[in-house]
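What follows is one structure encoded as structure tokens, with my remarks underneath.
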Protein chains: 2
Amino acid sequence: MLTKIARACYDVNMDENNITEQPRRRSDGEQTHQTILDRAVKLASIEGVNQITLGRLAQATGVSKSGVYAHFKSKERLQMEIIEAAGEIYEREVIEPGLQAPEGLPRLIKLYESFLSYVEREIFPGGCFFAGLISEFDAQSGPVHEAVIAGHREWEGLVVSLIQDAQQRGEIDSGVEPAFLVFQLDAVKDHANFLYTLYRDPAWIERGRQAISRIVTQVSAT
Amino acid sequence: MLTKIARACYDVNMDENNITEQPRRRSDGEQTHQTILDRAVKLASIEGVNQITLGRLAQATGVSKSGVYAHFKSKERLQMEIIEAAGEIYEREVIEPGLQAPEGLPRLIKLYESFLSYVEREIFPGGCFFAGLISEFDAQSGPVHEAVIAGHREWEGLVVSLIQDAQQRGEIDSGVEPAFLVFQLDAVKDHANFLYTLYRDPAWIERGRQAISRIVTQVSAT
DNA sequence: CCTACCGATCGGTAGG
DNA sequence: CCTACCGATCGGTAGG
């Protein structure tokens, strides 16, 4: 039966865009899959990825435990899909709006403002998903740990390139070490997320904005 | 049997300092209790307090599962004792060395240096215990969440009072808002902990030191 | 996607 | 501090 559904999904897949060997579900199943994943991402942002269990996810969605399991085929795969789904949301809510600003310093500033806004709007009920994820897996080896490091390196690389752009345009002092500036900016953004999530007081986001703009002012070319 | 041990411990207790209704164990049991707790604190700093189970703690210490349970009487109590024990370590490794410096600005600086040193020396194998704890419970209501908030407020209060001391001595500009300065300093210390724990590269601690001293320089009275 | 299971482990209890 | 349990839940499987 599973095979039949899998094959049907595979056929549907062919008509769409995705020709991988990973079987997918047809439209109804696809929707259920997404519904479960949405719930899982929200739960994981509050309690941590390791606290998500098939049973509780089943209860939260009204699907049977084995129904949930059938969608993900293992707990590891479920965890990975949760992280992927969260990544898409982060991309949509932080990266894309940030990159819409004009190149150079405005883009750098907009990126951090997008982050603060995304925290303030509580896109994830438990605060920034990835701040929580890093904290959960920073000291634990395994595939998630590696994925977390890759994600952090990607973010750092993006910000460094924005800083270098701004330096080439003469908007940021050329004597500033990009990696150090990223450290300063990220410290503020993560701390604002941290305290907003703990206290749910927008004053912390405002402090984050102030601290970011203070740092930017200091490194701005004269 | 439990009652007998409990009563024996109670008697011992009377001879010491502590006359609460909470029964304690006699010296052997006391030692086992501490051994279990030490392991639990280390494990919890890596995996999170919620990941500690009686079974795994039993396995890690060689005590039977019910033996572990007998020492703590509930998982909640175990969690609370873990947090208390971590708090004592934090007090010893960060607060006390910090407060040994001369009053005013040197004491403020020393407090943050003590923190960075405590991270660098890996007092907890999974990074600063309380950074992890806040991250784990920031979005979850319950007694641990409340304890975490109380702990954060205590730290913030301490730092604010150090800043005000330094302001009264004319070492920090009186126009600086203490709460905002704490925000800036804590952002850096937590971020250094965060990245050191993820990468285990002392360069992140060094960046933290640089960022701290830069902030201090900026707010220093002219 | 379901019911009906499996062995392992969970927090906790009884009794010593 | 131990053995020997309890019901509940875990991730996962069989079969439809």
Side-chain angles (χ1 to χ4, degrees), chain A residues 1-12 23-40 43-44 47-82 142-144, chain B residues 1-10 12 23-37 39-40 43-44 47-82 142-144:
Chain A
M1 283 303 144
L2 248 172
T3 318
K4 196 147 79 183
I5 293 172
R7 194 164 296 139
C9 296
Y10 185 72
D11 292 338
V12 169
R24 290 250 192 124
R25 298 125 299 274
R26 35 164 204 239
S27 58
D28 274 12
E30 193 70 47
Q31 202 177 334
T32 306
H33 189 86
Q34 199 55 48
T35 304
I36 297 171
L37 209 46
D38 280 351
R39 271 259 198 269
L43 268 173
E47 305 181 4
V49 170
N50 270 332
Q51 299 297 318
I52 275 38
T53 69
L54 299 171
R56 294 202 300 153
L57 211 46
Q59 197 182 340
T61 54
V63 178
S64 74
K65 201 182 77 171
S66 294
V68 172
Y69 185 81
H71 272 289
F72 301 97
K73 275 156 291 182
S74 83
K75 205 200 174 186
E76 271 215 345
R77 288 271 275 270
L78 168 62
Q79 288 188 345
M80 283 308 193
E81 284 204 42
I82 289 173
V144 179
Chain B
M1 285 304 144
L2 247 172
T3 317
K4 196 149 77 185
I5 293 172
R7 194 163 297 140
C9 294
Y10 185 71
V12 169
R24 289 248 193 127
R25 299 127 298 277
R26 37 164 202 237
S27 59
D28 274 12
E30 193 69 48
Q31 202 178 332
T32 306
H33 190 85
Q34 200 53 49
T35 303
I36 298 171
L37 208 46
R39 270 260 199 266
L43 266 173
E47 304 181 3
V49 171
N50 271 331
Q51 299 298 318
I52 275 40
T53 68
L54 298 172
R56 293 203 300 153
L57 211 46
Q59 197 183 339
T61 53
V63 178
S64 75
K65 202 182 75 170
S66 294
V68 173
Y69 185 80
H71 272 289
F72 301 96
K73 275 156 290 183
S74 82
K75 204 199 173 185
E76 271 213 345
R77 288 270 275 270
L78 169 62
Q79 287 188 345
M80 283 309 193
E81 285 204 40
I82 289 173
V144 179

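Below, chains carry the letters A, B, ... as their sequence lines are ordered, and counting in each starts from 1. All of these numbers come straight from a predicted model, not from anything done at the bench.
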Contacts under 3.5 Å, N or O only, protein and nucleotides 4-9 of chain D:
{"residue": "D/dA4", "atom": "N6", "partner": "B/S66", "partner atom": "OG", "Å": "2.8"}

| message | To the nearest 0.5 Å, what is the distance between CG on A/L37 and OG1 on A/T61? | response | 11.5 Å
| request: Starting at the 5' end of DNA chain C, write a dot or bracket for each base, bracketing those in Watson-Crick or G-U wobble pairs whose two distances are under 3.5 Å and using | for partners on another strand. | output: ||||||||||||||||
| request: Evaluate the side-chain proximity of A/N50 to A/V144: yes if any heavy-atom separation is below 4.5 Å, no if none is. | output: no
| message | Rounded to whole Å, how long is the line connecting atom NE2 of B/H71 with atom P of C/dG11? | response | 17 Å
| message | Rounding to an integer number of Å, can you tell me how far A/E76 CD sits from D/dG12 C1'? | response | 14 Å
| said: From NZ of A/K73 over to C1' of D/dG12, roughly how many Å is that when rounded to an integer? | reply: 14 Å
| message | What is the distance, to the nearest angstrom, from the CD1 atom on B/I52 to the P atom on C/dG11? | response | 10 Å
| task | Apply side chain to side chain contact (heavy atoms under 4.5 Å, CB included) to B/K65 and list each qualifying residue two or more places apart in sequence or on a separate chain. | result | B/L54, B/A58
| note | To the nearest angstrom, the CD-P distance between A/Q51 and C/dC10 comes to 13 Å
| note | Separation between CG (A/L43) and CD1 (A/I36), nearest 0.5 Å, reads 12.5 Å
| Separation of C/dG15 C1' from B/Y69 OH (nearest whole Å) | 15 Å
| remark: With sequence neighbours left out, the residues meeting side chain to side chain contact (heavy atoms under 4.5 Å, CB included) with A/A44 are A/V49, A/I52, A/I82, A/F129
| remark: Whole-Å distance, A/N50 CG to C/dC10 P, equals 14 Å
| field | Spacing of CZ belonging to A/R77 relative to NE2 belonging to A/H71, to within rounding of 0.5 Å | value | 13.5 Å
| For A/L54 and D/dG11, what is the distance between atoms CG and P respectively, to the nearest whole Å? | 5 Å
| task | Kindly write out the residues that satisfy ring-ring contact (aromatic ring centres under 6.0 Å, His included) with A/F72, not counting sequence neighbours, or none if the list is empty. | result | A/H33
| task | Report the distance from atom CD of A/Q59 to atom CZ of A/R39, rounding to the nearest 0.5 Å. | result | 11.0 Å
| request: State which residues pass side chain to side chain donor-acceptor pair (under 3.5 Å) with A/R56; sequence neighbours excluded, sorted by chain then number. | output: A/E47
